[in-house]
Amino acid sequence: MWKAKTSFRQIYMAVVTRRYSRLAPPPSTVIRVTNNVAHLGPPKQGPLPRQLISLPPFPGPPLPGKNAVDNGDDGDSGDHVTAISWVKYYFEEIHDKAIQTHFTKGLVQMEFRGRRDASRENEDGARPMRKIKHDEVMQIGDKIWLPVSISEMRISKRYDTIPSGTLYPNADEIAYLQRLVRFKDSAIIVLNKPPKLPVKGNVPIHNSMDALAAAALSFGNDEGPRLVHRLDRETSGLLVMGRNKESIGYLHSVFSDYKGRNSSCKAWNKSCEAMYQQYWALVIGSPKEKEGLISAPLSKVLLDDGKTDRVVLAQGSCFEASQEAITEYRVLGPMINGCSWLELRPITSRKHQLRVHCAEALGTPIVGDYKYGWFVHKRWKQMPQVDIEPTTGKPYKLRRPEGLDVQKGSVLSKVPLLHLHCREMVLPNIAKFLHVLNQQEAEPIRTGIIDKPDLLRFVASMPSHMKISWNLMSSYLV
């Protein structure tokens, strides 16, 4: 009896001891003092991984619209371009000191060169990356990744004043329009058009850009500049206007599908081939492929009211009139709060091409596009959702961006404005080629004209409502 009790007690103690031996050791704790009160707590966590934005693959030297004089500032020469020079070229509107700081802190990364190796790729298909220095020489196809916060922008403390509906703007409106000018020479004027300002006016619209330019942007000429291409009323960004009849004719050919390549001058034809426009857009959702080419013809249909027309994807019927429409796109970064930023480059120039291609071809309508994305905006949520960081499984810390009480229309608004902006443009130097194409064979070209670049490049900052949305996207990186 005693032996039986002893064996039972030994077995019980062995089981209890074995159970407690499997317990994990107590977690590490630290002593924190808050308001002169000490308490135990877990160690402080490090910063969350940063969301990254990708630059397009490096095209190779020389960079379009970059002068040879500027290439020497960052250790560049005619046959090579350094990493910091490529980043400064792409983010022309960002201060050089901010870009240099990102290189110093080791925040700039590059995908490994060479062929794609599926065994080295992550689960989401991303290629492994390495940190790079500012003086590393770029090779064709190299792809750089940086934190989204590198292009975080200040929000203006001033309301954007839209000129009133009059053919004779006052002094304040004239000064406002002249502040929109980003470049001016004898041939062209380049503006950073704000949203909600119509480009081409008709009978009920008097405050259109073409009417206001004649009154405010003549700059001593007998006539004001004329439009050579158009932007939608809600679209912002770079707008080019011709200052004389010859430049207007050449610009019309450049912005056509033929790109003006019908001259015996090889330099002109080469410059026309290098011309492009680049847009940034915030879309709802994210395309399945991170980059690609959209080739989807467009056609117009008349709605039931008999007055309003709408652009749709052509169905391929021989009885339907359609126009070829081609757009290159690239996803800039990850999807945050259900939205993602796209870089769009239209190859053809069709009415509402980018808006229809995003909404119908990609299935990701642009934020604020109620004409082609009304079915998604019916379920639009004003407040941002909390996203989960994939590596830690914890929610991102959201920092409320500045300027929300100044400008409206961002993704935090109940009715956001259209998030489509013509950010970058490369054009032939019309003022130079007017002398080159119109010269007589016996007349030599002056040295000052020959030294001018063949290409001009312009970059325009986004409007306030898009800056707020961009800052909100990057605020998840705290």
Tell me every residue that passes side-chain hydrogen bond (donor to acceptor under 3.5 Å, both in side chains) with [X], counting only those two or more places apart in sequence or in another chain.
| X | result |
| --- | --- |
| Ser247 | Asn244 |
| Asp142 | Arg113 |
| Glu234 | none |
| His352 | Tyr372 |

Taking salt bridge (Lys or Arg N to Asp or Glu O under 4.0 Å) as the test, write out the residues that go with [X], two or more places apart.
| X | answer |
| --- | --- |
| Glu289 | none |
| Arg243 | none |
| Arg355 | Asp232, Asp369 |
| Glu343 | Arg330 |

Any heavy-atom pair between the side chains of [Y] and [X] that's under 4.5 Å?
| X | Y | value |
| --- | --- | --- |
| Val356 | Val312 | no |
| Val240 | Leu427 | yes |
| Ile84 | Lys88 | yes |
| Phe433 | Tyr250 | no |
| Pro463 | Pro194 | no |

Tyr90 and Trp280 aromatic ring geometry - parallel, tilted or perpendicular at 30°/60° bounds: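 Plane angle between 30° and 60°, so tilted.
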Show the nearest heavy-atom pair for residues [X] and [Y], with the distance to one decimal.
| X | Y | value |
| --- | --- | --- |
| Ala83 | Lys133 | CB-O, 3.8 Å |
| Ser340 | Gly285 | OG-O, 2.5 Å |
| Ser461 | Asn192 | O-ND2, 3.3 Å |
| Pro287 | Val331 | CD-CG2, 4.0 Å |
| Leu313 | Ala361 | CD1-N, 4.0 Å |
| Ile326 | Gln353 | O-NE2, 2.8 Å |

As an exercise, state the distance from CG of Leu191 to CD1 of Ile189, rounded to the nearest 0.5 Å.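 Rounded to the nearest 0.5 Å, the CG-CD1 separation comes out at 6.5 Å.
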Evaluate Lys270 against Asp454 for salt bridge (charged side-chain N to carboxylate O under 4.0 Å, His left out), listing each step before the verdict. CA-CA 9 Å; Lys270 185 178 180 180; Asp454 292 344; over 6 Å; no
Of all pairs that satisfy ring pair (Phe, Tyr, Trp, His ring centres under 6.0 Å), the ones with a partner from residues 208-227, not counting sequence neighbours: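 Found none.
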Residues in side chain to side chain contact (heavy atoms under 4.5 Å, CB included) with Leu417, at least two apart?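 Applying side chain to side chain contact (heavy atoms under 4.5 Å, CB included) to Leu417 gives Lys196, His465.
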Which residues satisfy the side chain to side chain contact (heavy atoms under 4.5 Å, CB included) test with Glu328, sequence neighbours excluded?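 Partners of Glu328 by the side chain to side chain contact (heavy atoms under 4.5 Å, CB included) criterion, ordered by chain and then number, come out as Leu293, Arg345, Ile347.
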Is it true that, when you exclude Arg230 itself, more than 12 heavy atoms of the residues, nucleotides or ligands shown sit nearer than 6.0 Å to its CZ?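 Open: at most 12 neighbouring heavy atoms sit under 6.0 Å from CZ of Arg230.
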Are the charged groups of [X] and [Y] less than 4.0 angstrom apart, N to O?
| X | Y | result |
| --- | --- | --- |
| Glu223 | Lys245 | no |
| Glu92 | Arg457 | yes |
| Arg423 | Glu93 | yes |

Strictly under 6.0 Å, is that where the ring centroids of Phe458 and Phe183 end up?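 Under 6.0 Å, so yes.
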Test side chain to side chain contact (heavy atoms under 4.5 Å, CB included) applied to Val283 and Cys339, step by step: CA-CA 6 Å; Val283 299; Cys339 300; over 6 Å; no
Show me the pairs that pass salt bridge (charged side-chain N to carboxylate O under 4.0 Å, His left out) and involve residues 51-61, at least two apart or across chains.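 Non-adjacent pairs meeting salt bridge (charged side-chain N to carboxylate O under 4.0 Å, His left out): zero.
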Does any N or O in the side chain of Lys432 come within less than 3.5 Å of the main-chain N or O of Lys452, such that one atom is a donor and the other an acceptor?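 Confirmed, Lys432 side chain pairs with Lys452 backbone.
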Run Lys131 and Glu136 through salt bridge (charged side-chain N to carboxylate O under 4.0 Å, His left out) and show every step you take. CA-CA 11 Å; Lys131 297 180 181 180; Glu136 181 162 339; over 6 Å; no
What verdict does the side chain to side chain contact (heavy atoms under 4.5 Å, CB included) test give for Leu52 and Met129, after you've listed the backbone C-alpha separation in whole Å, the side-chain angles of each residue and the deciding distance to 0.1 Å? CA-CA 12 Å; Leu52 301 178; Met129 293 183 289; 3.8 Å; yes
